[in-house]
Amino acid sequence: MFPEKIPSSMVVKSTARAALTGKYFGAVVASLLPVFAYYILHIIASCAYTVFPERYGIFVTLFSLIFTAFAIFPLFLGAVRYFWRLTEGLEEAPTEAFYYFGSFTLYKRAIKSVFIILFKFLTVFIPSMLPYFVTALLSNTWLYNFLGTEVPLWVAGIALLSAFLKYAGIFIGLILFARYYLFAALVAMDDDLLIYEAVHISTMISSSSMGAFAALVVSLIGWMLLSLLIVPMIYTAPLILSCYVVHCRYTIVNYNRTLEFYSKEQL
């Protein structure tokens, strides 16, 4: 049974390790499938340079977006689902990471999830980055060359402000977008849950669990940096995904118990 309060990062990580005991090989395969898809994307992009040398940048950008939306993200959702069921004590074949490719209905659900979360990403980051975009435009000499005027002296100050607003906008955007961190787990745990409900529930739950999630992310930074060396991902990838799912499970169960408590109080 899960405790009524969201546990510490240490408890989450120990629970994740326990869930992986005896199931590590399948967990490695399931967690690395989205990673393999990511590297396949880069191989294809590299090969494309020989075909489209002049329009390489445009081709890679468009192809990367399409491949991520229609291949990598469904694989990621499948991996989350695999780990969700693994932490329930169910042991399935790692090929379950391809779950959302199993039928048109499931695949459509995964693709819809991509576009919904992308829309949320844009609605968060465009406003938070708008001050940077404005100051970047005002500090760009191209604007004044286009207008046929001299570059004002205060442009240097605007350029410094623009640099600050850039990182401030990214930070604010990440904080606001973190409200949806439960989205993937909610979509993967229940095929009957509507995508829009998953978005709403994520914002509801994360309002009280954001601090615990941030603490977990900070505690996993070492593993994330180690993953940059690629080979250690055999160890780090299943642990990170398992920690994410375990935290989400604790958080969702705690939220449901809280709702039950207040419902009984009102009776």
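All heavy atoms count here, side chains included; hydrogens, waters and symmetry mates do not.
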Asker: How about F101: does its CZ atom have over 12 heavy atoms from other parts shown lying under 6.0 Å from it?
Answerer: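 Yes, CZ of F101 has more than 12 neighbouring heavy atoms, counting only those of other groups under 6.0 Å.
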Asker: Just grab all the salt bridge (charged side-chain N to carboxylate O under 4.0 Å, His left out) pairs involving residues 180-198, residues at least two apart or on different chains.
Answerer: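 Salt bridge (charged side-chain N to carboxylate O under 4.0 Å, His left out) check on residues 180-198 returns no pairs.
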Asker: Could you see if Y39 belongs to whatever hydrophobic cluster contains V28? Use Ile, Leu, Val, Met, Phe, Trp, Tyr and a side-chain cutoff under 4.5 Å.
Answerer: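 Y39 and V28: one cluster.
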Asker: Would you say V11 and S8 make side-chain contact, with heavy atoms under 4.5 Å?
Answerer: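 Yes, close enough: below the 4.5 Å cut-off.
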Asker: For residues V124 and Y180, determine if any side-chain heavy atom of one lies less than 4.5 Å from a side-chain heavy atom of the other.
Answerer: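 Counting from C-beta outward, V124 and Y180 do come under 4.5 Å.
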Asker: Are more than 12 heavy atoms from other residues, nucleotides or ligands located less than 6.0 Å from atom CZ of F164?
Answerer: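 For F164, atom CZ is not crowded (no more than 12 foreign heavy atoms under 6.0 Å).
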Asker: Side chains of C248 and F213, heavy atoms from C-beta outward: is any pair under 4.5 Å?
Answerer: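 No. Closest side-chain heavy atoms not under 4.5 Å.
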Asker: If you round to the nearest 0.5 Å, how far is CG of L239 from CD1 of I234?
Answerer: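 Result: 12.5 Å between the selected atoms.
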Asker: Give me the atom names and distance for the closest heavy-atom approach of F177 to F125.
Answerer: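 The answer is CB-CE1, 4.0 Å.
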Asker: Residues sharing Y167's hydrophobic cluster, by side-chain heavy-atom contacts under 4.5 Å among ILVMFWY, directly or via others?
Answerer: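 Y167 clusters with nothing; isolated.
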Asker: Say whether T236 and S227, considering side chains only, have a donor N or O and an acceptor N or O under 3.5 Å apart.
Answerer: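 Present: a donor and an acceptor within the cut-off.
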Asker: If you take all heavy atoms of A37 and L75, which pair is closest and at what distance?
Answerer: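 Taking every non-hydrogen atom into account, CB-CD1, 3.7 Å.
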Asker: What distance separates L176 CG from T203 OG1, expressed to the nearest 0.5 Å?
Answerer: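 The CG atom of L176 sits 12.0 Å away from the OG1 atom of T203.
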Asker: Got V114 and F70 here, is their nearest side-chain heavy-atom distance under 4.5 Å?
Answerer: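 V114 vs F70: side chains apart.
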Asker: Do L186 and L193 touch side chain to side chain, with heavy atoms closer than 4.5 Å?
Answerer: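 Touching, per the 4.5 Å side-chain cut-off.
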Asker: Considering all heavy atoms of both residues, which atom of L220 and which atom of K13 are nearest to each other, and what is their separation?
Answerer: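 Answer, listing the atom of L220 first, then K13: CD2-CD, 3.9 Å.
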Asker: What residue pairs, at least two apart or across chains, pass salt bridge (charged side-chain N to carboxylate O under 4.0 Å, His left out) with a residue in residues 94-112?
Answerer: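 Listed once each, the pairs are R81-E96.
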Asker: Quick check: closest heavy atoms across P74 and T68, and the distance to 0.1 Å?
Answerer: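 Looking at all heavy atoms of both residues, the shortest contact is CD-O, 4.3 Å.
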Asker: Mark yes or no for whether Y132, through its side chain, and L161, through its backbone, hold a donor-acceptor pair below 3.5 Å.
Answerer: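 Answer holds: no.
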Asker: Looking only at side-chain N and O atoms, does S202 offer a donor or acceptor that is under 3.5 Å from a partner on R179?
Answerer: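 No, no side-chain donor-acceptor contact under 3.5 Å.
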Asker: Less than 6.0 Å separating the ring centroids of Y107 and Y100?
Answerer: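 Not close enough - the centres of the two rings lie 6.0 Å or further apart.
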Asker: Report yes if the side chains of L241 and F76 come closer than 4.5 Å at any heavy-atom pair, otherwise no.
Answerer: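 Result yes, sub-4.5 Å side-chain heavy-atom pair found.
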Asker: Once you round to the nearest 0.5 Å, how far does CZ of R249 lie from OG1 of T87?
Answerer: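 Going from CZ on R249 over to OG1 on T87, the span is 3.5 Å.
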Asker: What do the steps show when you test I111 against F73 for side-chain contact (heavy atoms from CB on, under 4.5 Å), and what is the final call?
Answerer: CA-CA 8 Å; I111 300 306; F73 191 82; over 6 Å; no
Asker: Do the non-hydrogen side-chain atoms of M189 and I252 ever get within less than 4.5 Å of each other?
Answerer: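 The answer is yes, as the side chains (C-beta and beyond) meet within the 4.5 Å cut-off.
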Asker: Check for me whether the distance between the ring centres of Y181 and H247 falls short of 6.0 Å.
Answerer: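 Yes, ring centres under 6.0 Å apart.
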Asker: When rounded to the nearest 0.5 angstrom, what distance separates CD1 in I170 from CE in M129?
Answerer: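 I170 CD1 to M129 CE: 4.5 Å, rounded to 0.5 Å.
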Asker: Give a yes or no on whether M10 atom CE has more than 12 heavy-atom contacts from other residues, nucleotides or ligands under 6.0 Å away.
Answerer: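 Counting neighbours around CE of M10, 12 or fewer heavy atoms of other residues, nucleotides or ligands fall under 6.0 Å, so no.
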Asker: Determine whether L226 and V217 fall in the same hydrophobic cluster, where Ile, Leu, Val, Met, Phe, Trp and Tyr are linked whenever their side-chain heavy atoms lie under 4.5 Å apart.
Answerer: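 No; tracing contacts between hydrophobic side chains, which count when under 4.5 Å, never links both residues.
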Asker: Has F171 got more than 12 heavy atoms of other residues, nucleotides or ligands less than 6.0 Å from its CZ?
Answerer: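 It does not: F171 CZ has 12 such atoms or fewer within range.
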Asker: Does F36 share a hydrophobic cluster with I230, counting links as ILVMFWY side-chain heavy atoms below 4.5 Å and allowing steps through other members?
Answerer: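 Same cluster.
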Asker: Does Y244 reach the side chain of V80, with side-chain heavy atoms less than 4.5 Å apart?
Answerer: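 Of all side-chain heavy-atom pairs linking V80 with Y244, at least one is under 4.5 Å.
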Asker: Just by distance, with hydrogens left out, do T15 and Y250 show a side-chain donor and acceptor under 3.5 Å apart?
Answerer: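 Yes, Y250 and T15 have a side-chain donor paired with an acceptor closer than 3.5 Å.
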Asker: Verify the cluster assignment for L86 and L90: are they in a single hydrophobic cluster under the rule of side-chain heavy atoms below 4.5 Å apart?
Answerer: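 No, no single cluster joins them.
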Asker: Judged by atom type as modelled, is there a donor-acceptor pair below 3.5 Å linking the side chain of S209 to the main-chain atoms of A212?
Answerer: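 No.
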Asker: Provide the closest heavy-atom pair for V12 versus L216 in the form atom of the first, atom of the second, distance.
Answerer: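 V12 and L216 have their closest heavy atoms at CG1-CD1, 4.1 Å.
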Asker: Assigning hydrophobic clusters by single linkage (Ile, Leu, Val, Met, Phe, Trp, Tyr; side-chain heavy-atom cutoff under 4.5 Å), is M204 placed with L182?
Answerer: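 Yes, M204 connects to L182 through the hydrophobic network.
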Asker: Please give me the minimum heavy-atom distance between F83 and P238, naming the atom from each residue.
Answerer: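 Smallest interatomic distance, heavy atoms only, reads CE2-O, 3.5 Å.
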Asker: For atom OH of Y235, is the number of surrounding heavy atoms from other residues, nucleotides or ligands below 6.0 Å larger than 12?
Answerer: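 Count over threshold, so yes.
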